[in-house]
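Heads up: the structure comes next, in structure tokens.
All values derive from a computational prediction rather than experimental measurement. Along the sequence shown, residues are numbered consecutively beginning with 1. Below, each value reflects all heavy atoms present in this structure, side chains not excepted, and no hydrogens, waters or symmetry copies.
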Amino acid sequence: MRIRIVGAGVMGRGIAQWAVTAGHTVELADARRESVDDAVLFIRAMLERAAEKGRMSARALEAALTRLVPVDSPAAPGDDVELVVEAVLEDLDVKTALFRQLEEALPASTVFATNTSSLSVTRIAAGLKDPSRLAGLHFFNPVPLMRVAEVVPGALTRPGLPEELAEMVRAGGHAAVVVADTPGFLVNHAGRGLVTEALALLEECVGDTAGIDRIARDVLGLRMGPFELMDLTGLDVTATVIDTVWEGFRHSDRLRASYLTPNRVAAGLHGRKTGRGFYSYGSAAPETEPEPAVTGDAARPVHVPGDGGDAAALREALTASGAAPGPLTGDALVLVPVWGTSVAAAVAERGLPADRTFGVDPLCLGTSRRVLSVTPAACPEAARDARAVLAGGGHSVTLVRDTAGSVAQRLLASIVSVASSIAERGIAAPADIDTAVTAGLGYPAGPLAWGERVGAGRMLDLQRALHTTTGDPRYRPTRWLTERAQLGLPLTEPGTGPDAR
């Protein structure tokens, strides 16, 4: 296939490198010819490096470089161009004007694709005489490593075109998912589950950025904590996506934006690229602050109330770490496994001693980190001792402010809830949601598969408890999750009813 890529910036270069490696002839164009020449040199260097590392043969390298063709103008004539992929400025007017030029210069058989990450494909196509020839083809940066692309049909895209593009992407070694033309498409929409909830936790002073990131990494298994991720991506970029998706879905409570981001963006606290974000970077930045030393009494008696599975699991974990859970006597600490509720609620309901009762997140059991929830009524000395008890067996312990569900539960509930909402709206198929999010965001599992691993019924209990305890509609369970929990269906399959997708 002969493909013309318009835009020689980072994304255009990445798409061009992927396309020539996949065997396509690639015309690379830009409004500035100098940018094209720079991009060709960059792509050549990347391909030569791949050959040096043994990822492609010398013969394949020579063939790929031969297929890379610089052109002088985005709208240069080209009767044999089968596909144009646009990767220019994220501006509706700029993209629309470009496609109008291309429509005049290229044959009616040429397919148009936009790599937009946030604009409506339908609105871009509306500027064309023939909007049926345009679809979204959204790659992620860096394209050669982020092996997934979203194929986005507009309202008037001709039938069959999305699947043709998806097959082309798959033939080139990337996963391809067909996604409805909605704000954020699939991956950027799904990613709001983690970062918006992390910002909400920070707003409420449940934990600091380092503590929340540690829990996200060590308990949930994420490669980066949400604040590390926002610093890497750039808070200016992240904040724009947050607002775009929230506003696009008419201020959905589930996607609610944070009041923390506008001032940080205005102050230039964008992350790594500005040297300072939620963390500081550069040679003058302080080294990572170590976690506080454990100073409490690890031998203090401890009591775990309740007879349920979480209580039994906590007693077993404590015993394995050298503690000896026993009855509530004397000055024994009380450790409560909370699921969607708060320690304060457990104190009130069970008549527990408020000064020495703490919460432990069941999700942290079996991981290297324990999470201890502390109420305003807790005695500082008891909190130190509780941390020492939980640190037994070499565990790290993070103290957080008492909140319904604690940190890991709220993050996971939000991740699964947003993905369930995407499935419920028919934006993408369940399998595609998990495929795209795993590849695009690096989660240890797709969000629906993650929820299935915990259990649909248990996830529903968690979300109902969060909703009831807080009264916040952000936590209202989706119909997708509720029905599947009630019917014993997996979260990862569309079902067979009239609304199956």
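Salt bridge status for Glu197 with Arg410: present, with a side-chain N to carboxylate O gap under 4.0 Å. A salt bridge is absent between Arg272 and Asp231; no separation between the charged side-chain nitrogens and carboxylate oxygens falls under 4.0 Å. Arg484 has no carboxylate O lying under 4.0 Å from a charged side-chain N of Glu424, or vice versa, which leaves the two without a salt bridge. The existence of a salt bridge linking Glu167 and Arg170 is confirmed by a sub-4.0 Å separation between a basic side-chain nitrogen and an acidic carboxylate oxygen. Ion pairing between Arg217 and Glu228 holds under the 4.0 Å rule for side-chain N and carboxylate O. Between Glu27 and Arg2, at least one side-chain N (NZ, or NE/NH1/NH2) sits under 4.0 Å from a carboxylate O, which counts as a salt bridge. Electrostatic pairing of Lys129 and Glu104 counts as a salt bridge here, judged by a charged N lying under 4.0 Å from a carboxylate O. With respect to Arg33 and Asp72, a salt bridge is recorded, a charged nitrogen being found less than 4.0 Å from a carboxylate O. Ionic pairing of Glu164 and Arg158 is present here: one or more N-O contacts between side-chain nitrogen and carboxylate oxygen are shorter than 4.0 angstrom. Lys273 has a carboxylate O that lies under 4.0 Å from a charged side-chain N of Asp236, or vice versa, which qualifies the two as a salt bridge.
Between Leu194 and the options Val418, Leu411, Leu441, a side-chain contact (heavy atoms from CB on, under 4.5 Å) holds for only Leu411. The side-chain contact (heavy atoms from CB on, under 4.5 Å) test with Pro153 is passed by exactly one of Val178, Val121, Leu161: Val178.
Glu90 and Thr116 share a side-chain donor-acceptor pair at under 3.5 Å. Under 3.5 Å, the side chains of Ser396 and Arg214 contain no donor-acceptor pair of N or O atoms. Side-chain atoms of Arg147 and His174 include no donor-acceptor pair closer than 3.5 Å. Gln409 and Asp361 are linked by a side-chain donor-acceptor pair at a separation below 3.5 angstrom, with hydrogens and angles left out of the test.
His189 contributes atom NE2, which lies 4.5 Å from atom CD1 of Ile422 (distance to the nearest 0.5 angstrom).
When atom types are taken as modelled, the side chain of Asn115 and the backbone of Phe139 share a donor-acceptor pair closer than 3.5 angstrom. In terms of modelled atom types and a separation under 3.5 Å, the side chain of Thr110 and the main chain of Val81 share a donor-acceptor contact. A donor-acceptor pair is defined here as one N or O able to donate and one able to accept, closer than 3.5 Å; no such pair exists between the side chain of Asp472 and the backbone of His467.
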I would like to know whether Leu201 and Val407 meet side chain to side chain contact (heavy atoms under 4.5 Å, CB included); could you show each step before the answer?
-> CA-CA 7 Å; Leu201 288 163; Val407 171; 3.9 Å; yes
Passes side chain to side chain contact (heavy atoms under 4.5 Å, CB included), Leu269 versus Thr274? Steps please.
-> CA-CA 7 Å; Leu269 301 174; Thr274 60; 5.8 Å; no
Evaluate the criterion salt bridge (charged side-chain N to carboxylate O under 4.0 Å, His left out) for residue pair Glu204 and Arg401; output intermediate values, then yes/no.
-> CA-CA 9 Å; Glu204 299 167 26; Arg401 179 180 179 178; over 6 Å; no
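Scored by the side-chain contact (heavy atoms from CB on, under 4.5 Å) test, Arg49 finds Met46, Lys53 as partners (sequence neighbours excluded).
Contact check for Ser417 versus Thr478: side-chain heavy atoms found under the 4.5 Å cut-off.
Remark: Arg223 is not positioned above the aromatic ring of Tyr443, lacking an NZ or CZ atom under 6.0 angstrom from the ring centre and at most 45 degrees off the axis.
Taking the six-membered ring for Trp and thresholds of 30 and 60 degrees, Trp18 and His24 have ring planes inclined between 30 and 60 degrees apart.
Under the 6.0 Å cut-off for aromatic ring centres, His138 and Phe140 qualify, their centroids lying closer than that.
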